[in-house]
Amino acid sequence: MSEIPKAYDPRAVEDRWYQFWLDAGCFTADPARVSARRPAYSIVIPPPNVTGVLTMGHVLNNTLQDILARKARMDGKEVLWLPGTDHAGIATQTVVEKTLRKQGLIRHRDDLGREKFLEHVWAWKEKHGGIIIQQLKKLGCSCDWTRERFTMDPDYSRCVQKVFVDLYRKGLIYRGRRMVNWCPVSLTALSDEEVIMKEQKGHLYYFRVQVVEADGSPVKVEAGPALAGAPPAPVPGPAAGAAGPDNAAPPFARGPETDAEGRTWLTIATTRPETIPADTAVAVNPADPRYTRFIGKFVKRALPLENQALLPILGDEHIDIRFGTGVLKVTPAHDAADYEIGLRHRLPVIEVIEANGRLNDRAGRDLAGLDRFAARAKAAELLRAAGALVKAEPYVNNVGFSERADVPIEPRLSEQWFLKYPSVEKARACVAAPGDPGPDKLQFHPDRWAKVYDHWMANLKDWCISRQLWWGHRIPVWYNQTGRAALNKGLTEVELAWEAIPGAKARELRENALRVAAQTGILGAAFTNQDTGWSIRVSKAGLVHAFTRRGLQNIKLVPALPELLRHAVLIGSEHHAPPAPDVRAVHTLLALLRLGYRRYRVLFTVKELANGQRLYDHHAVEWVGKENGSDGKHPPEARPLEETLASRPASDPRVKVADLLGDVNTEPELLRVQGESPGPGWTQDPDVLDTWFSSWLWPFATMGWTGDPARDAANRTLQTFYPTTDLVTGPDIIFFWVARMIMAGYEFMGQMPFRHVYFTGIIRDKLGRKMSKSLGNSPDPLELIAQYGADALRFGTLRSAPLGQDVLFDEQNVELGRNFCNKLWNACRFRQLQGGTVEAEINPALLTSDDRWILLRLDQAIGEVSQAFAEYKFSEAAAVLHRFFWSEYCDWYVEASKAALAGADAARRANTLAVMDFVLNHTLRLFHPFLPFITEELWHGLGYAQDLPPDQGGRTIMFAPWPKPLSADEKAWFGLDEAADRFAAAKYDLVSRGRNLRREFNLPAGKKLRYVLKPAAAFPAAEVEVLRLLLNAEAVDVDPAYQPPRGTPSAANSLGELYLPLAGQVDFAAERARLTRELEKARAELGRVRDKLANPDFARRVPPPVLAEHQRRLAEWQERERQLEQALANLSAA
RNA sequence: GCGCGGUUAGCUCAGUGGUAGAGCACUUCCUUGACACGGAAGGGGUCAGAGGUUCGAACCCUCUAUCGCGCACCA
């Protein structure tokens, strides 16, 4: 550092050092270096979107990680900070789609086809994928770039497949037709976490429907008990005003009403009139006296006008009596709660809204083709025109929005893959409860997030993991197309009386079933299957096999077996597993059985032997439906699958095999779950997995996990660095990512993925709004780096980001960081300008009170910063360093040291430089994790790297040891005791008071003045010179016997009295006023301390140190009072 | 409705029972040999409100108000 510019220029420094670190391999982790003395430390980066750009959130997040990583290196740990990117399914696909549309290449992704489209996404990824990585480098991130990973790397993709297959085999992944959150813009299902609730202004529409009997005839008013005592009285009068001037609606809004012709009407409130054509019932609370008499009757559905079907009026306890009119329209196809009601009451499902949010023909000619929102307005209009609309009042409700597309999601029935979360209990139990850091627990910082985590873990719902997208990990499931072709066939229902086989106990039933089979000639006979023409023989072994393997219901259906075998449909054929030489193939057939009130799906296995004979082997039954109106006399013994049939009208006796597809096709003849194709004739599931289904494996999949125990045991990276030490992320992805990683960690690695999770705040703008592109309130970090430097950005962002609080970002913080760097730079520049080589040896004999004071302050700062690190309080660490360096080192020590540096005593001067070098050397190390670039530059510039071993700071400050507080021995050696500390502090206090005099008497700061010091005890000349410098005085005369002229302004403390003689210039009145003011203040303080000490309870109960402190303060204020009184007396005396 | 967090100087926020703090902004002075991206001095706060515990409360407890967030529900 031969020629030092006045201002720090980060641009001249940052890239150079970053390249140096890279070239020297400083960021590369080596498991071989890990030992008992050199523990491993690891962090995995929360992978940013591969095509994303750096945001302020990334800056905060990655700065914290870099600080942790660099601190750990200085602590002598082997550090792995593992970087990478996420493919970000929906986000990336949406961006690429939008771009291609803008370029006019496509209107929709279907125009290109899957292969072509994916080529474009990959091209996009190649083009934009590196940007954010480069930006992280600009920020100074010390990631091990040799290990950079991407969630769609081949190895990583294998992990995802492996995990899917594994969870499927464990029975945790299943496919089913369920209500899911559907995004009509992205055209995919979403998980519950991707839905955000927003308040929406809309309308609550009240419309009336006529109550009728099952034959459609009107219900007369005398049909039920009188309305006496019914809680909400009908609203009389022309409530129709709100519905429009042309409205002829009846003059009521609530409760059942009877019109002049004796017809009865119900009024229903809804926010979604466009779904009326999908209504399949109306529901009231059975405890609602207004409506109980109508349960079992029907209403005429209002829309579509040309198809006013009759809907049953149901009683359901979940209906809120107080909401609206207490009558709910039930729309099983388009509302999650209504779907549940539909399941309870076996309601048919009518879909009127298509995947893209438009209404279909079932919605009627007036609504068909309209978008759901246009349809809402249109439906209201239709109701109004028909005179059915009672009123429409403004209404605010919560609507779920798609996180990405920002449109209301549509609850929709569709076939999706779901995951039952694994290792839930372990994952739930491992996180330390707030305030209770168990020894081996996973800790959250701040710990209150543990409560949020726990609440979510306690209420887990299955995770919808399939996405109807192209960009992502394709679901490793293969379907047998030949088998699928069979699925369009119809099934004939076979009927059977439940009581056909007598018996209560299983054993009894088994015996009876065999007897019946023998008596009726089933045993040993062959039946011709109509679907295949095969002859299928029933053997005793086959029957017994079925009884033992597949349970009670198989016994019950024996009498129907011949019919079932005749009517079953072939759905797939497969080799026997494990291979059996005498079995050529195993066929699966499906039949439909009505048993008592219920429908059962019956799945047969038929063995085809080498000799061509086909043997009935075993079967399974599952309950798939029941008749409307039945309460189900016989409870189902297998899992209900009613929803598979729910969308089919109940009146249709023939059932398509496809209706049973959902679960039947999990048979291996039809479906294989594996990474590679099973061969020709098999096609892969078109859907991809939720992005988070790959992200949740990040901590170990990035380290080369394979799932093969032998290979993983030999993987040194994995064995050394898993579990990771710290994770830094935002609380907004605690469910999306953190919780799922913990579960995956336990499930696949057998232990937690990290020890500590630090949750950053969310970065908001000055006004507290979330940063977003659309608001344009998100500054570009790269511009900030260009303008202020990376260190400034890091420091500024960090200082304003206390633990667990949201961050209101203000560019002024970065300016603060820039200013701080400049201060650091110039303080070092000052040292450099003093010349000489690095002074390594401090001679304790020559230490001044200032030296001792700053060494103590340094010691304190080291302790406080280290403590802050231990508590993950990074902004506090930064604040301590800021205070120490600026307010203590620069403001006092550097100024005071100028006395010795300008003095004639060479030894004292050299010693002062040694103290400076000592302090700066420590300071640079303390700052390095926060300000990596400037500290490296200064470390070398000041020559501190010289004479150090290369791995101890000789080559780079990165590996210089983290400072430790001074030991008791060192403190004794340097003579750092309380007396030294107190003397310097008092000196600086006296200086402040002296400077204040200058100000009080309006003496310009630049004017050279003479002060007189009347010391309370001996005051060394060198200290007087320090006083003079700090006071910017021409001279400070020491006179123990000084008799100040009347009214001479003075300041005093324990060290003595400091006078500012102003011959002939004193304004007595002003000085008296000033002193009086001060005296009042002093007396007020004195009074407070006195009162406390006077309280007898105080002296008795207070801890001794506090008592001593109060007594010291009492003495101090008493002395101060005495001095002021004397000064006032002096003023009046002459 | 349940839960979490906040309410301290004009602004943004620290402050876990013992003298109310920082940065920015503001006022005045100073371009003195590290730094004007700087220095010095200063003004500015019944710590949201009420009650309680305590010798002592910004801090602990209770209630209230208010803002924000999350979860659940909302036809």
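Note that the structure is predicted; figures quoted are calculated from it, not measured. Residue numbering restarts at 1 for every chain, and letters A, B, ... go by the order of the sequence lines. Any value given below was found using the heavy atoms of this structure, including those in side chains, with hydrogens, waters and symmetry copies removed.
At least one side-chain heavy atom of A:V299 sits under 4.5 Å from a side-chain heavy atom of A:L266. Two residues are said to be in side-chain contact when any heavy atoms from C-beta on lie closer than 4.5 Å; A:V330 and A:D279 fail this criterion.
The phosphate of B:A41 (OP1 or OP2) has a side-chain N or O of A:R995 nearer than 4.0 angstrom. OP1 or OP2 of B:A14 has not a single side-chain nitrogen or oxygen of A:K873 nearer than 4.0 Å. Dashed line: the shortest gap from a side-chain N or O of A:R999 to OP1 or OP2 of B:A41 is not under 4.0 Å. Phosphate contact (OP1/OP2 of B:A72, side-chain N/O of A:N459, threshold under 4.0 Å): absent. OP1 or OP2 of B:G42 has at least one side-chain nitrogen or oxygen of A:N996 nearer than 4.0 Å.
Under 3.5 Å, the side chains of A:D850 and A:Y988 contain a donor-acceptor pair of N or O atoms. A:E393 and A:Y205 share no donor-acceptor pair across their side chains, judged by distance under 3.5 Å alone. Side chains of A:D320 and A:N285: a donor-acceptor N/O pair is absent below 3.5 angstrom, by distance only. Looking at A:S875 and A:K873, their side chains never bring a donor and an acceptor atom within 3.5 Å of each other.
Checking B:C74, B:A34, B:C37 against every side-chain atom of A:A337, the shortest atom distance belongs to B:C74. With B:U19, B:A34, B:A75 as the choices, the nucleotide that has an atom nearest any side-chain atom of A:C890 turns out to be B:A34. Picking from B:C35, B:A75, B:C74 the nucleotide with the shortest atom distance to the side chain of A:D320 gives B:A75. In this structure, of B:G70, B:U19, B:C74, it is B:G70 that holds the atom nearest to the side chain of A:F735. Closest approach to the A:V1102 side chain among B:C55, B:A34, B:A75 is made by B:C55 (side chain taken as heavy atoms from C-beta onward). Closest approach to the A:N822 side chain among B:C37, B:C55, B:A75 is made by B:C37 (side chain taken as heavy atoms from C-beta onward). With distances taken from any side-chain atom of A:W886 to the nucleotides B:G38, B:A75, B:G18, the minimum falls on B:G38. The side chain of A:I319 lies closest to B:A75 when the candidates are B:C74, B:A75, B:A36. Among the nucleotides B:C37, B:G23, B:C55, the one closest to any side-chain atom of A:L816 is B:G23. Closest to the A:R1101 side chain, of the nucleotides B:A36, B:C55, B:C71, is B:C55.
B:C60 sits 24 Å from B:C2 when the C1' atoms are compared, rounded to a whole Å. The same atom, C1', is picked in B:G18 and in B:C11; the two are 30 Å apart, to the nearest Å. Atom name C1', nucleotides B:U31 and B:C24: the rounded distance is 23 Å, in whole Å. Comparing B:C59 with B:G5, their P atoms sit 16 Å apart, to the nearest whole Å. Using atom P as the reference point in both B:U12 and B:G68, the two lie 14 Å apart (nearest Å). Between B:C13 and B:G56, the distance separating the two P atoms is 34 Å to the nearest Å. Comparing the P positions of B:C37 and B:U46 gives a spacing of 35 Å, expressed to the nearest Å. Taking the P atom of each, B:C61 and B:U53 are spaced 15 Å apart, rounded to whole Å.
Stacking of A:K898 on the aromatic ring of A:F830 is recorded, both the 6.0 Å distance cut-off and the 45° axial limit being met.
For A:Q834 and A:T271, each mapped to the nucleotide of RNA chain B holding its nearest heavy atom, the one lying further toward the 5' end belongs to A:Q834. Comparing A:W1117 and A:G326 along RNA chain B, the residue whose closest nucleotide (by nearest heavy atom) sits nearer the 5' end is A:W1117.
Across all strands shown, A:I268 has no heavy atoms under 4.0 Å from either base or sugar-phosphate atoms. Within the 4.0 angstrom heavy-atom criterion, no nucleotide atom of any strand lies near A:C821. Across all strands shown, A:P1103 has heavy atoms under 4.0 Å from base atoms, whether or not it also approaches the sugar-phosphate. Residue contacts shown for A:A283 are absent, as no nucleic acid heavy atom lies under 4.0 Å away. Across all strands shown, A:S992 has heavy atoms under 4.0 Å from sugar-phosphate atoms exclusively, and none from any base. Using a 4.0 Å heavy-atom cutoff across all strands shown, A:V330 reaches no nucleic acid atom at all. Using a 4.0 Å heavy-atom criterion, one finds that A:R998 contacts no nucleic acid atom at all. Residue contacts shown for A:E895 include a base, since a base heavy atom lies under 4.0 Å away. Among the heavy atoms of the strands lying under 4.0 Å from A:A827 is at least one base atom, whether or not backbone atoms are also near. Counting any heavy atom pair closer than 4.0 Å across all strands shown, A:R1112 reaches a base atom. Base engagement by A:L328 is indicated by at least one non-hydrogen atom pair under 4.0 Å involving a base atom. Within 4.0 Å (heavy atoms only), A:V894 reaches at least one base atom of the nucleic acid.
Following rounding to the nearest Å, A:D891 (CG) and B:A22 (P) show an atom-to-atom distance of 12 Å. The CD atom of A:E1078 sits 13 Å away from the C1' atom of B:G42 (whole-angstrom rounding). In this entry the distance linking NZ of A:K451 with P of B:C2 reads 13 Å, nearest Å. Between the CG atom of A:N1032 and the P atom of B:A41 there is a distance of 12 Å, given to the nearest Å. The CZ-P distance, from A:R883 to B:C13, rounds to 22 Å in whole Å. As a whole-Å value, the separation of A:E194 CD from B:C71 P is 13 Å. Computed from coordinates, the A:Q812 CD to B:A25 C1' distance equals 8 Å when rounded to whole Å. Rounded to an integer number of Å, the gap from CZ of A:R1090 to P of B:C55 is 24 Å.
Counting distance only, with no hydrogens placed and no angle test, the side-chain atoms of A:K823 and the base atoms of B:C35 include a donor-acceptor pair under 3.5 Å. Between the side chain of A:R818 and the base of B:C37 there is at least one donor-acceptor pair of N/O atoms closer than 3.5 Å. Between the base of B:A22 and the side chain of A:E876 there is no donor-acceptor pair shorter than 3.5 Å.
Checked against the 6.0 Å centroid criterion, the rings of A:H334 and A:Y339 do not qualify as a close aromatic pair.
Heavy atoms of other residues, nucleotides or ligands lying less than 6.0 angstrom from NZ of A:K1081 number 12 at most.
In a base pair of the Watson-Crick type (N1 to N3 plus N6-O4 or O6-N4) or a G-U wobble (N1-O2 and O6-N3), with each distance short of 3.5 Å, B:A22 is matched with B:U12. Within the shown strands, nothing qualifies as a pairing partner of B:A57 under the Watson-Crick or G-U definition with both distances less than 3.5 Å. In this entry B:U27 has B:A41 as its Watson-Crick or G-U wobble partner, both defining distances falling under 3.5 Å. Across all strands shown, B:G5 pairs with B:C67; the Watson-Crick or G-U wobble distances both stay below 3.5 Å.
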Quiz item: Yes or no on side chain to side chain contact (heavy atoms under 4.5 Å, CB included) for A:V1036 and A:L1031, after CA distance, side-chain angles and deciding distance?
Solution: CA-CA 9 Å; A:V1036 173; A:L1031 284 165; 4.1 Å; yes
